[in-house]
Amino acid sequence: MHLAYPAVLAVLLFSVGVYGVLARRNVILVLMSVELMLNAVNLNLVAFDVWLRDTLHAGQALTLFTITIAAAEIGLGLAIVLLVYRTRRTAAVDEVTALGDRHEADGQGADDQGADDHEAADAAKEQAAA
Amino acid sequence: MNLALPILVPVLPALGAAAGLATGRRYPGLARPLAVLPVAVSAVLALVTALQLGTGATLDAGTRLAPTGGPDLSLALHLDGFSSVISVLVGLVATCVQVYSTAYLKDDPRYPSYAALVSLFTAAMFLVVYSGDLIVLLVGWEVMGICSYFLIGHDWEGADARTASLKAFLVTKLGDVPFLFGLFLLGADAGSFRITEVLRTAADGGLHHPTLIALLLLAGVAGKSAQFPLHTWLPDAMAGPTPVSALIHAATMVAAGVYLVARLLPVFLLSSAALLVLAAMAAVTMVGSALCALAQDDLKRVLAYSTVGQLGYMTGALASGDRQAAVFHLVAHGAFKALLFLTAGVVIHAAHTNSISAMSRIDGLRRRVPDAYWTMGLGLAALIGLPPFAGFFSKESVLTAAEHAARGEALTGHLGPASAVPAAAGWTVLVAGLLTALLTAAYATRLWLVAFHARPVAAAPADAPYSPEPDEADPAHAEPGAMRWPLWVLAVPTLGFGLLGLRTDWLPALLDGEPLRPAVATVALGLGAALAGILIAYAAWRRAGARTAAGQPAADPGRLLLGPAYGPAQHGFGVDRLYSALFVRPTGAAARLVRFLDRAVVETYVRGAGAAPGWLGRAVRFAQTGNAQGYLSALLAGAVLLAVLVAVGS
C-alpha cells in the first residue's frame with residue numbers, strides 16, 4: 001500500500017482535529033478533537049514505521065506510549081470538564097475566561113470600552129447559539 | 001604670655017552661641033545669660049590680652065592644621081597692636097549690643113537664636129582679628145557673612161527683610177569670589193598662607209603679581225566694607241533689628257575689609273595701580289554716600305549711608321598708605337557709629353517710626369528720650385568731626401595722611417617707601433575727604449535738627465490725634481536701663497578716644513609708632529569744611545522752617561540743599577536700578593529660560609519614557625481575553641508562520 005493513503009488520511013484527521021479544537025464550543029468535542037489529532041499522529045507513526053522497515057519498530061512502540069498517555073490525558077480532561085461543569089453550569093469553552101484580563105474597575109476609559117466590547121461579543125455569541 | 005587667653009577670646013562666644021542654639025527652645029530663661037556672659041568675658045579677655053601684649057610687641061603662634069600639598073593651612077595667631085585695639089573695640093561694642101538687645105528684643109520669640117547668632121558673629125570677628133593664617137581668616141570672614149544674612153533677615157515675615165538679607169548675602173559673595181582667588185594667588189606667590197610669611201615675601205619683593213592680587217583682594221574688601229560699586233547692600237541691610245545694624249553694619253563686619261587691607265598693606269603698597277583704584281573707590285563712595293545720606297528720610301538709612309562714607313575715609317587712608325590713620329578712624333567710627341545706631345534704636349522705639357520727618361511732627365520727642373537725645377548729639381558731633389570728639393582726631397589723621405600722600409611724602413612708616421603711594425591717590429582722597437566733611441556735617445546737622453528740633457506748630461496742629469504710650473508716664477525712664485546705659489558706655493570712647501592719638505607713646509605706640517597728631521593745615525581745612533556744612537544745613541533748615549510757617553508745604557532742608565539732585569540721591573543715584581537692569585533681570589530671564597527648558601523639554605522626554613511602555617502594555621492587554629481557543633489559534637498561526645519562514649528560508 002502506498003504511503004500516500006495513510007499520510008493523506010492522517011493529514012485529514014489532523015485538520016479535522018485542529019478545526020475542532022479551534023472552532024467547537026463544547027469542551028467534550030474539543031477533547032475529542034484533540035484525540036483525533038493524536039490518532040492522526042499515531043497513524044503516521046505506524047505508517048512510517050512500516051514504510052521505513054524499522055527493525056526496532058520504534059514507531060509502533062511510540063504509538064503504544066501515545067495511546068497510554070492519551071488515555072490518561074482524556075481521563076484528566078474529563079475530570080476537569082466535570083468540575084468546570086459542576087461549578088459553572090456550562091461546558092462551553094469560550095465562557096470559561098476567568099484567567100483573562102479582567103480590566104480593573106477603576107481602569108481608564110479605554111479599558112472599560114474593551115470590557116464592554118468583550119461582553120457585547122459574548123452576548124452576540126450566545127444569541128447565535130440559541 | 002599665656003596662649004590660652006587669646007584662644008579663649010574667639011572660642012567663648014562660639015561656645016555660647018552653640019549652647020544658646022541648643023538650649024534656646026527648651027530653656028528660654030537661659031538665653032539671656034548665655035548671650036551676654038560669654039561675650040562680656042571675651043571682651044574682658046581681649047582687654048587683658050591687649051594689656052599683657054603691651055605696646056610694640058607682636059605674638060605669633062601656630063600649629064599646622066592640614067597639609068594641602070601646596071602651602072599648608074595652619075591654625076595661627078597673630079597678635080599686634082592693631083589686633084589688640086580692634087579686638088577691644090569688638091568686645092566692647094558686642095557686649096553693649098548684647099545687653100541692649102536683651103531689652104530691645106524683650107518680647108521677640110526668636111530672641112534665643114538671634115542672640116546666639118550675634119555671639120557667633122562676634123566669635124567670627126574675633127577670629128578674623130586674631131588669625132595669623134589667611135584661610136582661617138577667610139573662615140571667620142564667611143561666617144560673618146552668613147551670620148549677617150541671618151540677622152538681617154531676622155524679621156523674615158517682612159518682604160523687605162527677606163530681600164535685603166538675600167541682597168546682602170549675594171552682593172558680599174560677589175566680592176568674596178575674587179577675594180578667594182586673590183588669597184590663593186597670594187598664597188601661591190608667597191608659598192604660605194601665614195600672614196607673617198606673606199608680609200616677609202612682600203618685603204623681599206617675592207610677589208610676582210602684586211597688582212592682580214591687590215585688585216582681587218579689593219573686590220572682597222569692597223563687598224565686605226560696602227565700598228562702591230558693591231555698597232548697595234548696606235543701606236538695605238537696615239531692615240534688620242537696630243542692634244544688629246549697630247554691631248555688624250557699623251562697628252565690626254564692615255570694618256573687616258579695612259582691617260584686612262591694613263594687615264596686608266605692604267602687599268598693596270607694591271602696586272600703585274591698586275592704590276589708585278582704592279583711592280578712586282574711596283572718593284566715589286565718600287561723596288556719593290554723603291549726598292545720598294542728605295536725601296534720606298529713614299533715620300537708619302541716613303546712618304547707613306554715613307557708615308558707607310566713613311568706611312570710604314578708612315579706605316582713603318589706606319590708599320594714602322597710612323594704615324594707622326585707617327585703624328584709628330575705624331575704632332573711633334566703630335564706637336560712635338555703634339552709639340548712633342543704638343540711640344537710633346531708642347528713638348525709633350519711642351517714636352514708633354523710622355522716618356525723621358514723622359519724628360519732627362512728634363511733640364517733645366527729645367524730652368521723652370533724654371539719654372538718646374544727648375548721646376546722639378555726642379555721636380553726631382563725633383561724626384561731623386568737631387573737636388574734641390573722637391571723630392575729629394581720626395578724621396584729621398586721615399586728611400593728614402592724604403595730604404602727605406598728595407605731597408609725595410606718604411606716611412607709610414616702615415612698611416614701604418613713601419614714593420610707593422602715587423600723589424594722585426593722595427589728591428583724590430584729600431579733595432573727596434574735604435568735600436565729604438562738608439556734606440557729612442550738613443547731613444548730620446539736618447538729621448539732628450529735623451528729628452528733634454522741628455517746630456511742631458505748622459506741621460502738627462495742637463489738637464492732632466495723639467495716643468499716649470503706656471511708657472510715657474515717666475519720660476526720664478521711658479526706656480529700660482539695659483537700653484540706656486550702653487549708650488553712655490559707648491559715649492565715653494566717642495568723647496575721649498581721639499585724645500589717645502595725641503601723644504606718640506599712647507595709641508601710636510600700639511600701632512606703627514608714627515604720630516597721629518592733627519596737622520594745622522588740614523585742621524583748618526577740615527574743620528572749616530565741617531563748620532561750613534553745619535552753617536549751610538542750619539540756614540537751609542531755617543529757610544525750610546520759614547516756608548513751613550508761611551503755610552507752604554513742609555520742606556526738607558535736604559531737598560533745599562540738593563535741589564534737582566534730591567530725587568536721584570534719595571534712591572542711591574539709581575545704582576540699584578542699574579544693577580537690576582544689568583544683572584538681576586538678565587539672571588532672572590536666564591532662570592526662567594532654564595525653568596522652561598526643564599519643564600517643557602527635559603520633562604517631556606522623561607514623561608514620554610514612562611508613558612510609552614504604558615500605552616504598549618495597554619495595547620498588549622487586549623490580547624488577554626482568557627479564551628483558550630483564541631490563544632491556540634494564535635499559537636497555530638505562529639507555528640505555521642515559523643514553518644513557512646523556515647521552509648522559505650532554507
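Order of the sequence lines fixes the chain letters, A, B, ..., with proteins taken first and strands second; residue numbering starts at 1 for each chain.
- Listed by chain and number, the residues in a side chain to side chain donor-acceptor pair (under 3.5 Å) with A:Asp49 are A:His57, A:Gln60 (sequence neighbours excluded).
- Remark: B:Arg577 CZ is loosely packed, at most 12 non-hydrogen atoms of other residues, nucleotides or ligands lying under 6.0 Å away.
- Interface check for chain B: of the options A:Val21, A:Val93, A:Leu22, the most heavy-atom pairs under 4.5 Å are formed by A:Leu22.
- Within a 6.0 Å sphere centred on CZ of B:Arg162, other residues, nucleotides and ligands contribute more than 12 heavy atoms.
- Note on residues 593-616 of chain B: pairs passing salt bridge (charged side-chain N to carboxylate O under 4.0 Å, His left out), not counting sequence neighbours, are B:Glu603-B:Arg607.
- Looking at A:Val96, the atoms closer than 4.5 Å to chain B (heavy atoms on both sides) all sit in the backbone: N, CA, C or O.
- A:Thr97 is not listed as a side-chain neighbour of B:Thr625, based on a closest heavy-atom distance of 4.5 Å or more.
- The backbone N or O of A:Arg25 lies less than 3.5 Å from no partner atom in the side chain of B:Gln629, so there is not a single donor-acceptor pair.
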